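Keep in mind that what you see is a predicted model, and the values were worked out from it rather than measured. Ligands are counted one by one from 1 in listed order, and the atoms in each one are counted from 1 as well.
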Amino acid sequence: MAMQELAKVVRANRARMYARIRELVEVESPSENREAVNRAGNVAETWIKALQGHLKRHKSALYGDVLEARFGPARSKRGRVLLLGHLDTVWPIGTLAKMPWRETGGKFWGPGVLDMKAGVVMALEAVAALHQLEMMRPVTLLLNSDEEIGSPASRAITERIARECSAVFVLEPAQGLAYKTSRKGVGHFDLRVRGVASHAGVDFERGHSALLEMARLVQQVSAWSNPPTGITVNVGVISGGTRSNVIAAECRAEVDVRIVKAGDATRMERMFHSLKTTDKACKLTMSGGINRPPMERKPGTVALFRKARSLAKEMGLVLEEAATGGGSDGNFTAALGVPTLDGMGAVGAGAHADHEHVVVKHLVERTALLAGMIAAAD
Ligand SMILES: [Zn+2]
């Protein structure tokens, strides 16, 4: 494998890669803002067209367009590789004013730089290098627009395209220096208790506190956490009541659930749906479920990782393997049984945090490794 050749081409084009990362970071694209995400999509579209990619923009009523770009020969004996990324970020419009693009200490800083605008640019640079060396195979680059809010609109598109592919490479940030071969599944539940309000002094006994009832439910669901099995239940938000002298009529809680095994999804959903109030005058309603199935560590994914490790070795790099509790669109593709390797984007730290950055010195080698994997995967 021509890893040195690939690295050389990527390195020769690095000024373009760095400039593009900045350009994309400077187009803010929060998931909830359709027009803003589409502006980032327009930037990516220009680059896709410059690489002679066949582009389809999947329109959505609520979110930005999902960009599906096909590269390489239309007919080939070789399977199609899916490069999976997203254009949206968690950062609201105006963040750049407080957290502008910066280049200091060998790092690029800015909202969404690590998660995952650098990864999007790396994918295009990997395709460009393969073009230049005439090593292209069929590749689809899919850029979603709603990943940071759970991929409600793009999930079906991702799953449909993944089914046509023999491998999926996810451009989410690396974990330290490692690629990710497993991810926890993610669920979200919204609990609402409606009680009976009354005056805490005048009419105490006529009230039924939604808060007290919710407190019991919080205890109950929190006890389902069992870290050794990978199951965690976190009640992260709770709100309710109006004043201290009123017995609370309403209370609401938001719960995050993580699982490691696919079979735990229905089990946890069943447990949540079997919850009952202790005080029968309080009514419980619930919505939600397991949104992302776990990405289990399967043989196809492990085989991809081993290939990546040996290509990395050719470049003098040691590639580690990691598991994470966070979800990505890779959870969906892995659950379909398509070998999925994740964390193939940039190296850095501070995703979703004020100190979000990528480490510049890893960009060339990681992009070359991604290109090598596109060429080498079965
Ligand atoms: Zn991401």
Side-chain angles (χ1 to χ4, degrees), residues 20-21 24-25 27-33 36-37 40-41 43-44 63-68 82-92 95 99 108-124 126 141-155 157-159 161-162 168-186 188 256 258 291-295 322-335 340-359 362-363 366-367 370:
R20 283 182 171 182
I21 294 172
L24 200 52
V25 168
V27 180
E28 295 182 301
S29 54
S31 318
E32 297 80 4
N33 189 323
V37 176
V43 173
Y63 307 108
D65 301 349
V66 173
L67 272 59
E68 176 191 353
L82 175 58
L83 306 179
L84 188 52
H86 62 85
L87 288 162
D88 60 318
T89 74
V90 296
W91 298 102
T95 304
M99 215 175 119
F108 292 155
W109 308 73
V113 65
L114 176 65
D115 187 7
M116 58 146 65
K117 291 184 167 177
V120 169
V121 174
M122 287 166 70
L124 286 159
L141 170 66
L142 189 67
L143 299 176
N144 292 337
S145 52
D146 57 354
E147 195 275 344
E148 297 290 4
I149 51 171
S151 306
S154 65
R155 176 177 182 169
I157 301 170
T158 301
E159 290 179 335
I161 293 170
V168 180
F169 297 153
V170 187
L171 307 163
E172 292 288 348
Q175 177 132 317
L177 291 171
Y179 278 179
K180 300 165 187 173
T181 54
S182 63
R183 286 182 176 272
K184 284 191 178 184
V186 187
H188 186 94
D256 176 285
R258 308 273 158 161
N291 167 254
R292 292 183 193 274
M295 171 175 152
T324 174
S328 85
D329 285 333
N331 290 58
F332 298 137
T333 63
T340 299
L341 197 52
D342 206 331
M344 296 182 79
V347 171
H352 302 195
D354 291 347
H355 64 290
E356 180 168 6
H357 64 266
V358 303
V359 180
H362 296 297
L363 284 167
R366 292 274 157 163
T367 304
L370 176 63

* **Check: Lys180 side chain, Pro173 main-chain N or O, donor-acceptor pair, under 3.5 Å** => yes
* Name, closest N/O/S atom of Glu172 to the Zn ion (ligand 1) -> OE1
* For His188 and Asp256, does a side-chain donor sit closer than 3.5 Å to a side-chain acceptor? -> no
* Asked: Measuring to the Zn ion (ligand 1), does Glu148 have an N/O/S atom at a distance below 2.8 Å?
  -> no
* To do: Look only at the side chain of Ser145 and the backbone of Gly64, and say whether a donor-acceptor pair between them is shorter than 3.5 Å.
  => yes
* **Shortest non-hydrogen contact from Ala174 toward Leu177** => CB-C, 4.4 Å
* Structure fact -> NE2 (His86) to the Zn ion (ligand 1) to OD1 (Asp115), nearest 10°, is 100°
